[in-house]
Amino acid sequence: MFINFFMKMSVNWNLRKAHSVTALLFRLALVLALLSTSGCAWLGNYQRQLIYRPTAGVPADFSGLRAGDERYWVSVPDTDTPQHVAIWWLPHASPDAPTLLYLHGTFRNLFGNLRKIEALRSAGFSVLAVDYRGWGESSVITPSEQSITADAQLAWTELTKRQPNASKRVIYGHSMGSGAALDLASRLKNPTDYGGLILESAFTSFTDIANSAGWLASLVNLFNSERFDSINKISQVQTPLLMLHGSQDNTIPVNLGERLFAAANPPKQWLAIENAKHSDLDLADPALYRATLQAFAASYLSGQ
């Protein structure tokens, strides 16, 4: 009864504060998900399902990738039962193009992110993309921060096979994927491992997202084990950084992206795209989006 009452309070509070359906779903999911303790395994699984909302399977209307693109699977080592992650390889027409590791956010799998992936390829990148376990055609599990970061590392190993030139490797993360991207980048070195980092709609930490939603979310966040504490990892990253954010993002407030950017080491570039929300930066101003990515690649990923 107490939990039901608390959930109703969360719903009412979020309905007053949220400015979009997307923001409401994201923040409400986080609030409800945090109602768990480490001593209750089933509730912990429910917590993570609500936070990450993984979408498994292939859409019925998916007509396939372009000719020359690849979909394949990589086994995950050291698991109790056989598990795999799905990898997409979408090469650019130019063999000299830099190669980007695409790490998506919550909910949408690679099929739901194909438009964004193609926007990045159109900007001049070959793209290697991964569906973490729980999403798309990867093994069906309840994901966690640990499984997501492990899958990002596995995908990175695949990218290094595709792109032998470290200076032409770039890590890209959108939304929750920015946390996975930063975790990976903090364990790699520039220029021996990679050439740059691109974060879109990024945040400082799950805790700060909860705090931005108000006192109730902050309270229940005390019980959360999923952190993605990017603000305490970004100082370990010594690489050229590009951060993009929508000025009208109601899912991850733009000030969280600005705080993360302020904590980053130079060289770094910030771009807030006017009238863009959380996932539509490439649609709100396609020319600016493409030109910014191209300029970043020309400056830092030329392979010289």
Side-chain angles (χ1 to χ4, degrees), residues 19-20 22-23 26 66 90-94 96-108 110 112-129 167-182 185 194-204 230 234 237 239-304:
H19 301 292
S20 71
T22 301
F26 185 89
R66 294 186 194 175
L90 295 84
H92 192 268
S94 171
D96 295 325
T99 303
L100 178 148
L101 175 63
Y102 183 87
L103 300 172
H104 65 70
T106 60
F107 185 57
R108 294 186 185 91
L110 291 183
N113 280 283
L114 184 55
R115 187 207 78 234
K116 176 75 72 177
I117 293 171
E118 289 292 4
L120 293 166
R121 178 155 60 173
S122 296
F125 298 91
S126 293
V127 180
L128 188 136
S167 63
K168 288 192 172 185
R169 300 170 186 160
V170 59
I171 304 169
Y172 165 96
H174 173 255
S175 191
M176 181 272 292
S178 71
L182 252 175
Y194 70 122
L197 175 65
I198 301 173
L199 303 178
E200 185 171 335
S201 307
F203 55 90
T204 47
S230 295
I234 199 165
V237 176
T239 195
L241 169 68
L242 171 63
M243 289 187 62
L244 308 104
H245 215 108
S247 66
Q248 304 301 314
D249 192 335
N250 292 320
T251 301
I252 296 177
V254 67
N255 70 291
L256 295 187
E258 291 171 337
R259 282 180 53 200
L260 188 66
F261 179 76
N265 296 305
K268 57 185 179 179
Q269 179 185 354
W270 168 267
L271 175 65
I273 296 183
E274 292 301 318
N275 301 316
K277 296 179 182 177
H278 185 63
S279 299
D280 66 348
L281 280 69
D282 57 305
L283 296 177
D285 196 333
L288 178 60
Y289 186 84
R290 185 181 306 110
T292 302
L293 290 166
Q294 290 172 337
F296 181 79
S299 296
Y300 301 111
L301 306 170
S302 62
Q304 302 299 318

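Atoms CG and OH, from Leu197 and Tyr172 in turn, are 11.5 Å apart once rounded to the nearest 0.5 Å. Atom CG in Leu244 sits 7.5 Å away from atom CD in Gln269 (nearest 0.5 Å). Note that the OG atom of Ser247 and the CD1 atom of Ile273 stand 9.0 Å from one another [nearest 0.5 Å]. Once rounded to the nearest 0.5 Å, the distance linking CG of Asp249 with OG of Ser279 reads 7.5 Å. The distance from the CG atom of Leu241 to the OG1 atom of Thr239 is 8.5 Å, given to the nearest 0.5 Å. Annotation: the span from Leu242 atom CG to Phe261 atom CZ amounts to 9.0 Å, rounded to 0.5 Å.
Of the possible donor and acceptor atoms, one in the side chain of His245 sits under 3.5 Å from a partner among the backbone N and O of Ile252. The closest donor-acceptor contact from the side chain of Asp280 to the backbone of Lys277 lies under 3.5 Å. Side chain of Ser126 to main chain of His92: a donor-acceptor pair is present (N/O by atom type, distance under 3.5 Å, no hydrogens or angles).
Within the 4.5 Å cutoff, the side chain of Phe125 has heavy atoms near those of the Ile198 side chain. For the pair Arg169 and Leu101, the minimum side-chain heavy-atom distance is 4.5 Å or more. Lys168 is not listed as a side-chain neighbour of Thr99, based on a closest heavy-atom distance of 4.5 Å or more.
The minimum heavy-atom distance between Pro98 and Ala297, with the atom names listed, is CG-CB, 4.2 Å. What you find for Phe203 and Ser178 is that their closest heavy atoms are CE2-OG, 3.7 Å. The minimum heavy-atom distance between Ala264 and Ile234, with the atom names listed, is CB-CD1, 3.6 Å. Nearest heavy-atom pair across Pro267 and Tyr300 is CB-OH, 3.6 Å. Across all non-hydrogen atoms, the minimal contact from Met243 to Ala202 is CE-CB, 4.0 Å.
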Problem - Thr251/Ser201 under side chain to side chain contact (heavy atoms under 4.5 Å, CB included): CA gap, chis, key distance, verdict - result: CA-CA 9 Å; Thr251 301; Ser201 307; over 6 Å; no
Exercise for the section: Mind running side chain to side chain contact (heavy atoms under 4.5 Å, CB included) on Leu182 and Leu260 for me, showing each step along the way? Expected result: CA-CA 11 Å; Leu182 252 175; Leu260 188 66; 3.9 Å; yes
Handout entry: Candidate pair Tyr102 and Asn113, rule side chain to side chain contact (heavy atoms under 4.5 Å, CB included), full reasoning
Key = CA-CA 10 Å; Tyr102 183 87; Asn113 280 283; 3.0 Å; yes
Problem - Trace of the side chain to side chain contact (heavy atoms under 4.5 Å, CB included) decision for Leu110 with His104 - result: CA-CA 7 Å; Leu110 291 183; His104 65 70; 3.8 Å; yes
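The environment of CZ in Phe107 is sparse: at most 12 heavy-atom neighbours from other residues, nucleotides or ligands sit within 6.0 Å.
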Side-chain atoms of residues 283-295: list all donor-acceptor pairs with protein atoms under 3.5 Å, sequence neighbours left out, distances to 0.1 Å.
{"unit_1": "Asp285", "atom_1": "OD1", "unit_2": "Leu288", "atom_2": "N", "d": "3.2"}
{"unit_1": "Tyr289", "atom_1": "OH", "unit_2": "Glu200", "atom_2": "OE1", "d": "2.8"}
{"unit_1": "Thr292", "atom_1": "OG1", "unit_2": "Leu288", "atom_2": "O", "d": "2.7"}

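Remark: Glu118 engages Arg66, Leu90, Leu114, Arg121 in a side chain to side chain contact (heavy atoms under 4.5 Å, CB included) (not counting sequence neighbours). With sequence neighbours excluded, the residues satisfying ring-ring contact (aromatic ring centres under 6.0 Å, His included) with His174 are His278.
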